[in-house]
2 protein chains.
Amino acid sequence: MEVMTPEHEWREDCAPRRVLELFSTKWTSMILHTLHSRHSGAARTGVLQRSLPGISKKMLVQTLRDMEASGLLTRHVESVVPPAVEYRLTPLGARFVGLVELVYGWGRDHADALDQLQQRATSRRRNP
Amino acid sequence: MEVMTPEHEWREDCAPRRVLELFSTKWTSMILHTLHSRHSGAARTGVLQRSLPGISKKMLVQTLRDMEASGLLTRHVESVVPPAVEYRLTPLGARFVGLVELVYGWGRDHADALDQLQQRATSRRRNP
DNA sequence: CTGTATCCGCCGCGATACTG
DNA sequence: CAGTATCGCGGCGGATACAG
């Protein structure tokens, strides 16, 4: 039976790997989750920044731009002073955030089992 | 209503973020998926390497070591010549791979919508 | 308030060569 | 077959200062 599995593709540019890349960009999932957590599905820059403790302005804007280019969200500028910019989930983004919520929930369900993962990051640095 | 949301935590060391880190390690999910795709839930080093086109021996071993430390899989050494090593999903790994399969399936379902994501990586490099 | 422009350290990851 | 040891680069991401 194992002889039948063509070892699954995992080609460099296959769809599943592109999804994984979405997850591997540090702030993408958290931004989507924040947008999703608001009933409007939208949020202004400042709200996003405050919801993501530790993110720098640079990374916030850069990640938002990338996400816009990826079609995960849209950017709406209110031409007023001071400027007001709102980010909103696209249909694709709304579908993807479903996955993010699954990951989020899984993490909460396995919080205790995940505690030991902390030793991982440190073990390699201590033991060259 | 929005005043009630405490902006969700996203603390540096919260469980969901640790799950995201699991996903952000380039090869982790693919290794788990390969193990899961075999009825035995186990595979030898060579099998894993062949199932992951492009991975280097170094990254394969390094990632496997990290995953072992994280409790996602176990390593069994057959003391024979030439050596035979088998990696096997742990209960935690088996539960996590469920999430991975969800991501994998989502990617296949949205393959066409994901095609435009390719332009993302290139657009920033072209337009400084 | 939102966004841009630099500078720069860290480390993830790959290439290569060598060992038992 | 499985694993270790080096070397090196690209780029993610943080700090800081400036601008409309």
Side-chain angles (χ1 to χ4, degrees), chain A residues 10 12 17 20-31 34 42-70 73-88 120-128, chain B residues 10 12 17 20-31 34 42-70 73-88 120-128:
Chain A
W10 285 132
E12 181 74 39
R17 282 187 68 157
L20 288 176
E21 281 166 30
L22 252 32
F23 275 108
S24 62
T25 306
K26 185 168 181 179
W27 300 103
T28 299
S29 300
M30 289 182 266
I31 289 174
T34 298
R44 293 183 54 180
T45 313
V47 171
L48 288 174
Q49 178 149 30
R50 265 173 270 116
S51 76
L52 272 25
I55 193 175
S56 66
K57 224 180 304 187
K58 176 197 169 188
M59 284 315 298
L60 176 61
V61 176
Q62 184 178 111
T63 306
L64 285 170
R65 289 287 191 282
D66 289 348
M67 292 171 70
E68 187 187 8
S70 297
L73 48 78
T74 54
R75 179 169 177 269
H76 299 281
V77 183
E78 282 271 335
S79 292
V80 296
V81 284
V85 180
E86 195 183 60
Y87 295 92
R88 185 177 296 273
R120 178 190 69 93
T122 54
S123 65
R124 243 202 1 242
R125 280 193 272 278
R126 273 201 316 261
N127 195 24
Chain B
W10 284 132
E12 180 74 39
R17 281 186 71 157
L20 288 175
E21 282 166 30
L22 253 30
F23 275 109
S24 62
T25 306
K26 185 168 182 182
W27 301 104
T28 300
S29 299
M30 289 182 267
I31 290 173
T34 298
R44 294 184 52 182
T45 312
V47 171
L48 289 173
Q49 179 150 27
R50 265 172 270 117
S51 76
L52 273 26
I55 193 174
S56 66
K57 223 180 303 188
K58 176 197 169 187
M59 284 315 299
L60 176 60
V61 176
Q62 185 178 110
T63 306
L64 286 170
R65 288 287 192 282
D66 288 348
M67 294 171 70
E68 187 188 7
S70 296
L73 49 77
T74 54
R75 180 170 176 267
H76 298 280
V77 183
E78 283 271 335
S79 292
V80 295
V81 284
V85 180
E86 195 184 60
Y87 294 92
R88 183 177 297 272
R120 179 190 66 95
T122 54
S123 63
R124 244 204 0 244
R125 281 191 273 277
R126 272 202 318 261
N127 197 23

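As the structure is a prediction and not an experimental result, all values here were calculated from the model. Reminder, nothing fancy here: chain letters follow the sequence lines and each chain counts from 1. The figures here come from the full heavy-atom set of this structure, side chains too, leaving out hydrogens, waters and symmetry mates.
- In this structure, the NE2 atom of A:His76 is 16 Å from the C1' atom of C:dT2, given to the nearest Å.
- As rounded to whole Å, 16 Å separates atom C1' of D:dA2 from atom CG of B:Leu52.
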Between the protein and nucleotides 14-16 of chain D, list every N/O to N/O distance that falls short of 3.5 Å.
unit_1, atom_1, unit_2, atom_2, d
D:dG14, OP1, A:Lys26, NZ, 2.7
D:dG14, O6, A:Lys58, NZ, 2.2

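- Straight-line distance from the CG atom of A:Leu64 to the P atom of C:dG3: 8 Å, rounded to whole Å.
- Contact record, B:Ser24 with A:Phe23: CB-O, 4.5 Å, taken as the closest heavy-atom pair.
- Proximity of A:Arg75 to A:Leu73: side-chain heavy atoms (C-beta onward) are nowhere separated by under 4.5 Å.
- When side chains are defined from C-beta on, A:Arg17 counts as touching B:Lys26, because their heavy atoms get closer than 4.5 Å.
- Relative to the side chain of B:Arg44, the nucleotides D:dC1, D:dG3, C:dT2 differ in distance, and D:dC1 lies closest.
- Side chain of B:Arg75, nearest nucleotide from C:dG3, D:dA2, D:dG3: D:dG3.
- In this structure, the CD atom of B:Gln62 is 15 Å from the P atom of D:dT6, given to the nearest Å.
- Checking A:Ser24 against B:Arg65, the closest nucleotide of DNA chain D that is more toward the 5' end is the one next to B:Arg65.
- Distance CD (B:Glu68) to P (D:dG3): 10 Å, rounded to an integer number of Å.
- In this structure, the helix from C:dC1-D:dG20 to C:dG20-D:dC1 shows an angle of 40° between the axis at its start and the axis at its end, each fitted on 5 base pairs and rounded to 10°.
- Considering CG of A:Leu60 and CE of A:Met30, their distance stands at 11.5 Å, rounded to 0.5 Å.
- For D:dG3, the OP1/OP2 oxygens have a side-chain nitrogen or oxygen of B:Tyr87 closer than 4.0 Å.
- For the pair A:Asp66 CG and D:dG13 C1', the interatomic distance rounds to 12 Å; values are reported in whole Å.
- Nucleotide C:dC1 holds its P atom 16 Å from the CD atom of A:Glu86, rounded to whole Å.
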Criterion side chain to side chain contact (heavy atoms under 4.5 Å, CB included) on B:Thr63 and B:Ile31, from CA distance to verdict: CA-CA 9 Å; B:Thr63 306; B:Ile31 290 173; 3.8 Å; yes
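- Between the CG atom in A:Leu48 and the OG1 atom in A:Thr34 there is a gap of 6.5 Å [rounded to 0.5 Å].
- Considering only heavy atoms from C-beta on, B:Arg50 comes within 4.5 Å of B:Val47 through its side chain.
- Taking only side-chain nitrogens and oxygens, B:Thr45 comes nearer than 4.0 Å to OP1 or OP2 of D:dG3.
- In plain terms, the two heavy atoms of A:Gln49 and A:Ile55 that are nearest each other are NE2-O, 3.7 Å.
- Between B:Phe23 atom CZ and C:dG12 atom C1' the separation is 19 Å, expressed in whole Å.
- Of all heavy-atom pairs between A:Pro83 and A:Arg44, the closest is O-NH2, 3.7 Å.
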